[in-house]
Amino acid sequence: MEKRQKFNLTADWLAEVIISEDNLSCSLRLVNIKQFLQALPDCPEPEPLPQETVTPKEVSELLNRLGIIFGIDANAIDKALRQEDGEWVVVATGIAPEPGEHACLEILFEQPHQAYPEADTLKSMDYRSRGEVLFVEKGTLLARKIPAVPGTAGTDVKGRKISPPPVRDIFLKCGKGTYSSQDGLEVYAAEAGKPVLLQSEKQCIVSIEPVYVVNGDVDLNTGHIRFRGDILINGKVNEGMEIISDRNVKIMESVTGAIIRAEGSIHINQNVINSQIVAGSRQAFASNVYPMVVDFEQTLVEILKGFQQIKSTPGQENIRFGYVFNLLVEKKFTGFLRQTEALLQALSTISGLDFSQEVREAVADYRNQLQNFLLPSYQELNGAIRLLQTTNRLKGFLHWDQARASDIKVMYCLNSRLEASGSVTVAGQGCFHTDIIAYESITVKGVVRGGLLKAQKSITLNKVGSEAGIVTKIEVPAEQHITANEIFENTTVTIGKHIYKFSKRFSRTKIFYNSTTGEIELVSF
C-alpha cells in the first residue's frame with residue numbers, strides 16, 4: 001500500500017509526499033496555503049502579506065529526511081515548485097529488477113501420432129494399429145538443456161537493492177544407454193533403441209531401452225507392435241495382431257492367428273497356431289527372388305545374342321526384333337514365358353513394411369516393365385535393352401549378406417507358415433499341416449504331418465507322416481540330403497529335380513541324390 005505524508009515546509013507551503021508500495025517511485029505536490037484559502041468560497045480576502053518561497057534545496061532536504069536518496073529528478077522538483085494548482089509530480093524513480101529466464105529443456109524426440117481418419121475410412125481402418133514405436137539410432141541427440149539466465153537487481157528510491165525473482169533450474173541427467181556432452185547440456189543415445197523420458201519438476205532423465213518389452217499379452221489393448229529394435233513379449237500374441245521388428249523377437253507364450261515379421265531371429269517359447277512367422281523377411285525375399293532375376297537376365301542376354309546373330313545374316317539386316325523374339329521363345333527358349341510369370345509372382349510377395357520406399361519403387365518399376373514386355377506391342381529392341389538395364393539395377397538392391405541369416409525356433413506349430421532366411425527349429429511336439437521354408441536347414445524334433453518343408457540345406461526330422469498316409473512334402477537342392485528316424489508312406493521327397501514317393505514305412509533313413517546313378521537313394525544309419 002502506498003505511503004502518503006504531509007509536511008509544512010513553511011508557514012505558507014504544505015508538501016504532500018506519496019511513496020509507492022514497491023518503493024519504486026515518489027510523487028510530490030506543493031500547495032500554497034494562502035492561495036488555497038483565497039480560492040475557498042465565502043473566505044474573506046486576507047490582507048496582502050509578503051509571500052514566502054520554497055527552494056529546491058528545501059524540497060531535496062525533505063526527501064532526504066524521508067529516506068528518498070535514489071533516482072531524484074531535479075527537473076521534476078522544479079516543475080512541482082512551478083505548479084500553481086498543486087498537481088502531483090513524480091520526483092524520484094527507482095529501477096525495477098529485470099527478471100531472468102528459467103532453465104528449460106528441448107526434448108528432441110516425440111511419440112509418433114496418427115492423423116484422425118476421414119469419416120469414409122472409419123469402416124476399413126485397423127483399430128489395432130497404434131503406429132510405429134519410436135526408435136532412434138546410436139548417436140542421436142535426444143535432449144538439450146538451455147541454462148537459466150539470472151535476472152538483474154534493481155534499486156528503489158531509498159537506495160536499497162531489489163533482488164530479481166529467482167529463476168528455476170532443472171537438471172538434465174543421463175539414464176542407461178545415453179551419454180552427455182562435455183558441458184553436460186546435451187544427451188545422446190549411446191545405443192539404438194526406444195528413447196524414454198522421466199521428468200519431474202526439478203530434473204529430467206533420458207534413457208534408451210534397446211528392447212521393447214510388453215509385460216503381458218499383445219491384443220487390442222496394446223495394438224500391433226511395430227518397433228525397429230528387439231521386442232520381448234512376456235505373454236501371448238492373440239488373434240489378428242501383428243508384431244514387426246527390424247531386429248529380434250522373443251515371445252514367452254503362444255501365438256495364435258497372428259503375423260510375426262522380424263529382420264532378426266524369432267523365438268517362440270510355446271505354440272504357433274494359424275499364424276505366419278517370417279524371420280529375415282528382406283533376406284528371404286531377396287534370397288528367393290535374386291536367383292530368379294539372375295536366371296531371367298541370362299536368358300534375356302541369350303535372346304539378344306540370338307537376335308544379333310540372325311540380324312547379321314545377309315538379307316536379314318532389317319528384321320524386326322519382335323518377330324525374332326517370338327520365334328526364339330517358341331523354338332529355343334520355350335521356358336522363358338513361364339520363367340517370367342514365376343518372377344512376376346515372386347516379385348509380388350514384397351512387403352511394404354519390410355522394404356524402403358526406394359526398393360519398393362524399384363521392384364514396382366521392374367514388374368511394370370516385365371508385364372509390358374510380355375505384350376507384343378512392347379517387344380522392341382530398345383525395350384529389351386531397358387529391361388536388361390533395370391534387371392541389373394534390381395540385382396544391386398537384392399544383394400544380401402548370408403552371414404546375417406535369421407532363424408526361427410518354436411515348440412509346436414499347426415496350420416501355419418514359417419519362413420526364415422536362416423534355419424528353422426521345431427523343438428517340441430512337432431508341426432502339423434504347416435509349411436516351413438528355410439534358406440538354410442530345418443530341424444523338427446517331434447512329428448511332421450502334412451504341409452511342405454523346403455530348405456536350401458539339409459533337413460533333419462524325427463517322425464514324418466503317419467500310418468494314415470497324410471500327404472507330406474519335403475524338398476532340398478540336389479546337393480543336400482534329408483534324414484529321418486521314421487518316415488511313413490505317402491511322404492514325397494524332392495531333391496533337386498528328382499522326386500521320390502514313399503510307399504512304405506522306413507526307419508533311420510538318409511535320403512540323398514546320387515549324381516552317379518541319377519537316382520534318389522535311401523541309406524540306413
Side-chain angles (χ1 to χ4, degrees), residues 111-114 116-117 121-135 193-194 196 209-282 284 349 351-354 406-420 424-438 444 446-447 449-451:
Q111 293 292 339
H113 62 278
Q114 294 176 289
Y116 190 79
T121 66
L122 288 175
K123 292 182 180 179
S124 61
M125 71 177 292
D126 185 356
Y127 289 94
R128 299 175 181 87
S129 180
R130 304 285 191 275
E132 184 178 349
V133 178
L134 185 63
F135 179 91
K194 175 189 175 186
V196 178
E209 295 289 352
V211 180
Y212 183 74
V213 180
V214 177
N215 288 316
D217 298 341
V218 176
D219 51 25
L220 284 173
N221 292 322
T222 63
H224 300 316
I225 306 297
R226 293 170 180 164
F227 183 54
R228 290 166 57 196
D230 293 332
I231 297 175
L232 171 61
I233 309 298
N234 282 319
K236 302 187 294 291
V237 180
N238 290 325
E239 187 82 28
M241 305 311 300
E242 295 179 5
I243 295 178
I244 298 172
S245 169
D246 270 7
R247 296 191 181 177
N248 303 312
V249 173
K250 186 171 185 179
I251 300 168
M252 302 307 293
E253 296 185 22
S254 61
V255 175
T256 304
I259 296 174
I260 316 293
R261 304 178 70 90
E263 282 313 299
S265 296
I266 299 173
H267 187 169
I268 301 171
N269 274 3
Q270 294 186 12
N271 301 332
V272 175
I273 300 172
N274 295 328
S275 297
Q276 178 183 336
I277 314 295
V278 183
S281 49
R282 285 193 286 267
T349 63
S351 170
L353 298 171
D354 300 327
S406 302
D407 303 329
I408 294 175
K409 184 176 181 180
V410 303
M411 296 302 293
Y412 165 86
C413 46
L414 170 67
N415 293 334
S416 297
R417 178 180 175 87
L418 280 58
E419 184 173 356
V424 176
T425 301
V426 181
Q429 184 180 353
C431 57
F432 296 79
H433 304 290
T434 293
D435 292 341
I436 300 178
I437 312 297
V444 182
V447 177
R449 286 181 182 160

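- Atom CD in Glu263 sits 8.5 Å away from atom OG in Ser245 (nearest 0.5 Å).
- Interatomic distance, Ile225 CD1 to Glu242 CD, rounded to the nearest 0.5 Å: 11.0 Å.
- Annotation for Cys413 and Val426: closest pair SG-CG2, 4.2 Å, computed over non-hydrogen atoms.
- Taking OG1 from Thr434 and CG from Asn415, the interatomic distance works out to 6.0 Å, rounded to the nearest 0.5 Å.
- Within the model, atoms CD1 of Ile251 and CD1 of Ile231 stand 8.5 Å from one another, a figure rounded to the nearest 0.5 Å.
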Under the side-chain contact (heavy atoms from CB on, under 4.5 Å) criterion, do Phe227 and Glu209 qualify, and how do the steps go?
CA-CA 12 Å; Phe227 183 54; Glu209 295 289 352; over 6 Å; no
Donor-acceptor contacts under 3.5 Å from residues 268-280 side chains, at least two apart:
| residue | atom | partner | partner atom | Å |
| --- | --- | --- | --- | --- |
| Asn269 | OD1 | His267 | NE2 | 3.2 |
| Ser275 | OG | Gly257 | N | 3.0 |
| Ser275 | OG | Ala258 | N | 3.0 |
| Ser275 | OG | Ile273 | O | 2.8 |

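- Asn234 pairs by the side-chain contact (heavy atoms from CB on, under 4.5 Å) definition with Val213, Asn215, Leu232, Met252, not counting sequence neighbours.
- For the atom pair CG (Asp217) and OG (Ser254), the distance works out to 8.0 Å, reported to the nearest 0.5 Å.
- Note: Ile436 CD1 to Leu418 CG = 5.5 Å, rounded to the nearest 0.5 Å.
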Step by step, would you call Arg247 with Arg228 a side-chain contact (heavy atoms from CB on, under 4.5 Å)?
CA-CA 6 Å; Arg247 296 191 181 177; Arg228 290 166 57 196; over 6 Å; no
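- Looking at heavy atoms from C-beta onward, His433 lies out of side-chain contact with Arg449 at the 4.5 angstrom threshold.
- Taking every heavy atom of both residues into account, Ser406 and Gly264 meet most closely at CB-O, 3.1 Å.
- In this structure, Ala262 and Ser265 approach most closely via the heavy-atom pair CB-O, 4.5 Å.
- By the side-chain contact (heavy atoms from CB on, under 4.5 Å) test, Arg417 is found to be paired with Glu419, Asp435, Ile437, residues two or more places apart in sequence or in another chain being considered.
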